[in-house]
Amino acid sequence: AAHDKSNSYLEYIHFYNSEKHKNIMEEQEIENDMEKALSDEQFYIVIQPKFNSVTQKIVGGESLVRWTHPLKGIVSPGIFVKVFEKNGFIIQLDYFVWEETCRLLSKQKQKGKEYVPLSINVSRAHFYGNELMDKLSELVLKYGLETSDLELEITESLCGEDPSIIYAKIRQLQNMGFKIAMDDFGSGYSSLNMLKEMPLDIIKMDLKFLDGEEKKSQLILKSLITMAQAMELKVVVEGVENLPQVEFLAQFKECSLQGYYFSRPVIIGEFEHMLENN
C-alpha cells in the first residue's frame with residue numbers, strides 16, 4: 001500500500017496537557033522570583049554531615065541549598081535547581097552557596113573549634129566559563145581558608161561530554177589543592193572506564209543504585225569500595241538509611257557515610273552543635 005501522507009502532519013503536533021502547562025507556569029514563576037529571592041536572602045544553606053564508617057564521628061559535610069519563599073513556603077530543590085541549570089542562574093546561586101560555606105568554615109576556624117572539610121557542588125556551567133578558578137581562589141583568600149578545606153563535587157554525567165576540557169580543568173583545580181569528588185558514581189554506564197581516565201580524589205556512591213537482590217548488591221559494593229581504596233581514592237557512601245547497612249559498611253575503614261540513618265541535612269547552628277558534641 002502507498003504511504004498515506006495525510007497523517008504525516010501528526011508528527012509535528014505537540015499535545016499540551018494540563019500537567020505540561022502547569023510545569024511551564026511553575027518554571028515561569030520560579031524565573032520571575034529568582035533574582036529577588038537571592039537579594040532578599042530567601043536562599044540559605046544546610047549541611048548534611050558525613051560520618052566515619054568505623055568510629056561514627058563526623059568527618060565532613062555537604063553543603064546544600066534550600067529556598068523558603070515568603071508566600072509559597074518551601075520550594076523543592078528538585079524543581080528549582082533544574083530550572084536554574086537551564087537558564088544559567090545556577091552560576092549565581094552556586095557562588096552564593098560557596099560563599100556561605102566558606103563563611104561557615106572561616107567562623108569555625110576563627111573560634112578555634114573543631115572543623116571538618118565541607119563539599120560544595122560545582123555545576124556543569126562552571127566548566128565552560130573562565131571564572132571557576134578565580135572565583136574559588138578569591139573565596140579561599142577572602143575567608144582565610146586552605147584549598148583542602150573545600151571538596152568540589154561534580155556529577156558523573158558531566159564527564160561524558162568533553163573529557164579533554166573537563167579533565168584539564170579538574171587537574172588545574174587539583175594542582176591548586178582542591179579535592180575533587182564524583183557524585184553518583186556507578187549510576188551511569190561508563191564508570192569503570194572513567195575511573196581509569198579521570199583525575200579524581202573521592203567517589204560518592206548512592207546505595208539506591210544497588211537496590212535489588214541484597215547478596216549481589218553487597219558483593220558489587222564491596223568490590224567497588226575495595227577497588228577504589230586500592231586506587232587511593234576516598235569513598236563516600238550516600239543514602240545510608242538503616243542499621244544493617246551501617247554494620248555492613250563498618251568493614252571498610254576510612255570510608256565516609258552519609259544518610260538519614262545518621263542525619264538529614266541540618267541548619268548551620270545545628271551542624272555546629274553536632275560538631276561540638278562530636
Side-chain angles (χ1 to χ4, degrees), residues 19-50 60-104 118-129 131-132 135-136 139 150-161 166 169-170 173 180-188 202-209 236 238-239 258-260 263-268 271:
E19 189 60 33
K20 195 170 267 186
H21 179 73
K22 189 170 142 261
N23 290 348
I24 289 168
M25 296 308 289
E26 199 172 52
E27 275 191 31
Q28 193 60 59
E29 282 179 23
I30 285 171
E31 292 198 326
N32 292 344
D33 293 345
M34 64 193 188
E35 302 276 358
K36 187 167 168 44
L38 192 57
S39 60
D40 287 1
E41 299 180 358
Q42 294 170 22
F43 292 109
Y44 59 97
I45 64 165
V46 290
I47 307 290
Q48 187 165 26
K50 298 172 188 171
E62 179 180 3
S63 192
L64 300 160
V65 67
R66 294 292 182 263
W67 180 5
T68 303
H69 191 283
L71 300 175
K72 298 174 193 153
I74 291 164
V75 187
S76 164
I79 295 170
F80 71 76
V81 168
K82 284 193 183 116
V83 177
F84 295 163
E85 280 176 341
K86 216 193 293 184
N87 68 16
F89 189 70
I90 195 70
I91 289 191
Q92 280 169 266
L93 189 64
D94 278 350
Y95 287 166
F96 165 78
V97 171
W98 300 353
E99 180 136 23
E100 291 296 293
T101 308
C102 290
R103 188 176 283 132
L104 171 59
L118 296 177
S119 63
I120 52 175
N121 291 285
V122 181
S123 308
R124 148 193 333 229
H126 295 285
F127 281 88
Y128 294 100
E131 294 179 358
L132 178 57
K135 191 70 188 175
L136 288 168
L139 285 171
L150 285 174
E151 293 171 357
L152 312 181
E153 290 196 15
I154 58 175
T155 58
E156 188 193 63
S157 60
L158 169 77
C159 311
E161 296 176 356
I166 306 296
K169 287 220 170 170
I170 289 174
L173 290 164
I180 308 293
M182 184 204 273
D183 203 3
D184 291 335
F185 174 80
S187 58
I202 303 157
I203 57 172
K204 296 187 78 179
M205 304 176 201
D206 196 319
L207 281 182
K208 288 187 188 70
F209 95 88
V236 180
E238 296 181 279
Q258 200 180 348
Y260 286 2
S263 173
R264 289 172 178 269
V266 294
I267 57 171
I268 285 176
F271 180 67

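Sequence positions, counted from 1, serve as the residue numbers for this chain.
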Undergrad: Quick one, V81 and N121 - any side-chain contact, counting heavy atoms below 4.5 Å?
TA: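 In short, these two side chains do not touch, never coming nearer than 4.5 Å.
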Undergrad: Given side chains that start at C-beta, do those of D206 and D183 come closer than 4.5 Å, heavy atoms only?
TA: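 No, their side chains stay 4.5 Å or more apart.
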Undergrad: Quick one: list whatever passes side chain to side chain donor-acceptor pair (under 3.5 Å) with R66, sequence neighbours left out.
TA: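 Expected list: none.
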Undergrad: Evaluate side chain to side chain contact (heavy atoms under 4.5 Å, CB included) for F80 paired with I90, printing each intermediate quantity in order.
TA: CA-CA 9 Å; F80 71 76; I90 195 70; over 6 Å; no
Undergrad: Where is the tightest heavy-atom contact between V97 and T101, given as atom of each residue plus distance?
TA: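 Taking every non-hydrogen atom into account, O-OG1, 2.6 Å.
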Undergrad: For E153, what residues pass the salt bridge (charged side-chain N to carboxylate O under 4.0 Å, His left out) criterion, not counting sequence neighbours?
TA: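 E153: salt bridge (charged side-chain N to carboxylate O under 4.0 Å, His left out) contacts with K50, K204.
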Undergrad: Check whether any side-chain heavy atom of V122 sits under 4.5 Å from a side-chain heavy atom of W98, and report yes or no.
TA: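 The answer is yes, as the side chains (C-beta and beyond) meet within the 4.5 Å cut-off.
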Undergrad: Please table the atom pairs, donor to acceptor, closer than 3.5 Å between any side-chain atom in residues 38-45 and protein atoms at least two apart or in another chain.
TA:
| residue | atom | partner | partner atom | Å |
| --- | --- | --- | --- | --- |
| S39 | OG | E35 | O | 3.4 |
| S39 | OG | K36 | O | 3.1 |
| D40 | OD2 | K36 | NZ | 2.6 |
| Q42 | OE1 | W67 | NE1 | 2.9 |

Undergrad: Can you list the residues that meet the side chain to side chain donor-acceptor pair (under 3.5 Å) rule with Y260, with sequence neighbours excluded?
TA: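 For Y260 there are no side chain to side chain donor-acceptor pair (under 3.5 Å) partners, ignoring immediate neighbours.
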Undergrad: Taking the side chain as C-beta and beyond, is there a heavy-atom pair between I30 and F84 under 4.5 Å?
TA: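 The answer is yes, as the side chains (C-beta and beyond) meet within the 4.5 Å cut-off.
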Undergrad: Going by heavy atoms in the side chains, are E62 and E238 under 4.5 Å from each other?
TA: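 Result yes, sub-4.5 Å side-chain heavy-atom pair found.
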Undergrad: To the nearest 0.5 Å, tell me how far M182 CE sits from T155 OG1.
TA: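 One gets 8.5 Å once the value is rounded to the nearest 0.5 Å.
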Undergrad: Which residue is it: E99, E100, Q92? I am looking for the one with a side-chain contact (heavy atoms from CB on, under 4.5 Å) to F96.
TA: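 Output: one option passes, namely E100.
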Undergrad: Can you tell me how far the OG atom of S123 sits from the CG atom of L132, to the nearest 0.5 Å?
TA: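 So the gap between those two atoms works out to 10.5 Å.
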Undergrad: Identify the heavy atoms of P265 and L64 that sit nearest to each other, and give their distance.
TA: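 Nearest heavy atoms, P265 then L64: CG-CD1, 3.9 Å.
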Undergrad: Keeping to residues at least two apart or across chains, list the salt bridge (Lys or Arg N to Asp or Glu O under 4.0 Å) pairs with something in residues 67-80.
TA: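 Residue pairs with at least one partner in residues 67-80: E29-K72, D33-K72.
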Undergrad: Kindly indicate whether the side chain of Y95, heavy atoms from C-beta on, has any atom under 4.5 Å from the side chain of L139.
TA: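 No, every pair of side-chain atoms sits at 4.5 Å or beyond.
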Undergrad: What I'd like to find out is whether the side chain of I170 reaches to under 4.5 Å of the side chain of I154, using heavy atoms alone.
TA: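 A side-chain contact exists here, since the closest heavy-atom pair is under 4.5 Å.
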Undergrad: Which pairs pass salt bridge (Lys or Arg N to Asp or Glu O under 4.0 Å) with one or both residues in residues 82-95, sequence neighbours excluded?
TA: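 Found E27-K86.
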Undergrad: Hey, does L152 have a side-chain heavy atom less than 4.5 Å from the side chain of I120?
TA: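 They are in side-chain contact.
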